[in-house]
Amino acid sequence: MNMLPLDILIAEDDPGHAAAIRRSIEKTYPNAIISVVMSIKAYREHIAVTIPTIVIMDLNLSDGSSIDLLAASAGEAAFPTIIMTSFGSEQVAVEAIKRGALDYMVKSPEVFASIGVAVAGALREWQLLQDKRRMELQLKESQARIIQQEKMASIGQLAAGVAHEINNPMGYITSNLNSLWKYAEKLAQFIEIQEQAIEKCSDEDTKKSIADLKRQIKLAFVMKDFRELIAESLEGSKRVSKIVQDLKSFSRAEGNDAISADLNECIQSTLNVVRNEIKYVAELDLSLGDIPLVVCRPQQISQVVMNLLVNAAHSISGKGLISLATTQVDHTVEISVADTGCGISPENMEKIFEPFFTTKEAGKGTGLGLAISSDIVRKHGGELLVKSEVGKGTTFIVRLPVEGKRQ
Ligand SMILES: Nc1ncnc2c1ncn2[C@@H]1O[C@H](COP(=O)(O)OP(=O)(O)OP(=O)(O)O)[C@@H](O)[C@H]1O
Ligand SMILES: [Mg+2]
C-alpha cells in the first residue's frame, strides 16, 4: 500500500469537467495532491518539475491533441495516463492504448463519478506493469552475464591454447637467436683477424682474388647487416613473447580476488592485445599519468578497457585519433578513452548500456560490451561516464576508487 499521498495531475481545459474529476478523486483519495493544467504547454512545464503518480488527460487540449504526449509503450512511461474524451470512438481508444495510455474513458456524469475507482484500478495495473518490466530487465541482464561469461571463457580458452602453442617454439627461437648473436660476434672477430693476416700475405694473386670475392659478396655490408638482422629478430621475438604473456594473463580465470594493481601496466598489456584492431583506423595517443596502485580485479579492468578501445576503433571510419589517458583525481583513478569517431545520438545514448543494444551489423556486435563494462565498474564501486557529440567523437571515463569498493 502506498503510504505517500498520491500526486494526481488533471490535464483538462474545461473547468467544469476538471472540477467533476477532482471531486470524484477526492472521494476515493481524500489526501491526494491534485493539480490541474489546461494546456499541453502547462502539462509539459508541470511534468518537467514533478513526476505525478497518475495523469488524467483530456484527448484534446486547447493547444493540440494530447495523444502525441504519450510514451510509445505504457511500460516505458514514467507514470500512467488515463485518456478522457467527450466523443468516444473505438479507433481513438485503440490508438490511445497503443500509444501507451493505460486506460481510455468517454466523459459522462457517471464516468466522472467513478473516476476515483478507475484511478485505483489503473494504479494497480501500473504496478503490475512495473514489476513485469523490472523482471524482464533482470532476466535480460542475467542472460547477458551468462552469454558474456561464456564468450569470455571461450575466448580465454582459445587464447590460452594459442599462447601455449606459441610459447614453446618462441622459447627455442629466442634461445637460438641469442646463441646466433654470440656466434656472429665470434665469426666477426675471426674474419677480422684473418683479414689482418691476409694483408700481410706476400702472394699478390691470392690477395687479389680474396679482395675480389670480398667485393663480390659485399662482405662489409653483410658483416654490418647480419648483426642488425639478429638484433631486430631478437626484438621481434621479445614482442611475441610479451603478447603470449598477455594472452595468458588475459585468459586466467576471473573469479580471483581484488589485488593492488598497477593500472598503467594493465593497460599496456591490454594494448598489446588490441593494438592490431586499432592501428589501421587510428593513431593512439597514450598518456599514462602518475597514478597509485588501485585495489581491483585487473583482468576485469582490462576487459573494460578493451571493450572501450574496440568500440572507439569501430566508431572511426577512415583515420582518426584515440586518446587513452590515466589520471588521479582525489581518491579515484580515472581512465579515459576518447575517440574522434561518429559520436552517439542523444536517443541512442539512453540505450548504450542496455544489454544487447547495438547499432552494429549482425555478427559485428552483440551489444554486450558496455553492459558488461558498466557492471564490472559498478561492482568495483566506480562509475562509467560518457559524453559524446555526433560527428565529433566520444569520451568514456572509467572512475575507480583507489581503495576498492567499500564493503
Ligand atoms: N566510442 C563509441 N562511439 C560511438 N558509438 C559507440 C561507442 N561506444 C559504443 N557505442 C554505441 O553503443 C553501442 C553498444 O556498445 P557495446 O559495446 O555495448 O556493444 P557493441 O560494440 O555493439 O557489441 P559488442 O561490444 O558486444 O561486440 C554500439 O553498438 C554503438 O552504437
Ligand atoms: Mg562493443
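Throughout, residue positions are numbered sequentially from 1 according to the sequence presented. Every number for a ligand or one of its atoms is a count from 1 in the order of the listing. If you're wondering where the values come from, they're calculated on a predicted model, not measured in any experiment.
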Can you list the atoms of ligand 1 that are under 4.0 Å from a heavy atom of [X]?
X	answer
Phe396	1 (N), 8 (N)
Leu368	18 (O), 19 (O), 24 (P), 26 (O)
Ser315	2 (C), 3 (N), 4 (C)
Thr358	20 (P), 22 (O), 29 (O)
Phe357	13 (C), 14 (C)

Problem set entry | Shortest heavy-atom approach to atom 6 (C) of ligand 1 - which of Ile352, Ile344, Ile147 | Ile344
Exercise. Does the salt bridge (charged side-chain N to carboxylate O under 4.0 Å, His left out) test come out yes or no for Glu232 and Arg227, once each step is laid out?
Worked result: CA-CA 9 Å; Glu232 214 177 277; Arg227 284 190 177 98; over 6 Å; no
Exercise. Would Lys319 and Glu283 count as a salt bridge (charged side-chain N to carboxylate O under 4.0 Å, His left out) if you check the C-alpha gap in whole Å, the side-chain angles of each, and the deciding distance to 0.1 Å?
Worked result: CA-CA 8 Å; Lys319 192 97 187 177; Glu283 290 267 329; 5.4 Å; no
Exercise. Does a salt bridge link Glu235 with Arg239, judged by any charged N lying under 4.0 Å from a carboxylate O?
Worked result: no
Exercise. Counting both backbone and side chain atoms, is some N or O of Gly369 under 3.5 Å from an N or O of ligand 1?
Worked result: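 Gly369 vs ligand 1: N/O contact under 3.5 Å present.
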Problem set entry | Polar contact flag for Asn311 and ligand 1 (N/O pairs, less than 3.5 Å) |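 Such a contact does occur with ligand 1.
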Seminar exercise, completed: Between Val106 and Val111, the two heavy atoms sitting closest are O-CG2, 3.2 Å
At the 4.0 Å heavy-atom cut-off, does [X] count as touching ligand 1?
X	value
Gly343	yes
Asp339	yes
Phe353	no
Gly367	yes

Exercise. Ligand 1 versus Asn348, non-hydrogen atoms closer than 4.0 Å: side chain, backbone, both, neither?
Worked result: neither
Exercise. At a non-hydrogen distance cut-off of under 4.0 Å, which region of Leu370 contacts ligand 1 (side chain, backbone, both, or neither)?
Worked result: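 Near ligand 1, Leu370 shows its backbone as well as its side chain.
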For this session: Flag Asn311 as yes if one of its N/O/S atoms falls below 2.8 Å of the Mg ion (ligand 2), otherwise no.
Result: yes
Problem set entry | Pair Thr53, Asp7: side-chain N/O donor-acceptor within cut-off below 3.5 Å | no
Problem set entry | Pair Ser302-Thr270, side-chain donor/acceptor within less than 3.5 Å | yes
Exercise. Hey, are the side chains of Leu180 and Leu234 touching, using non-hydrogen atoms and a 4.5 Å cut-off?
Worked result: no
Exercise. Less than 4.5 Å apart, any side-chain heavy atom of Leu384 and any of Ser373?
Worked result: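 In short, these two side chains touch, coming nearer than 4.5 Å.
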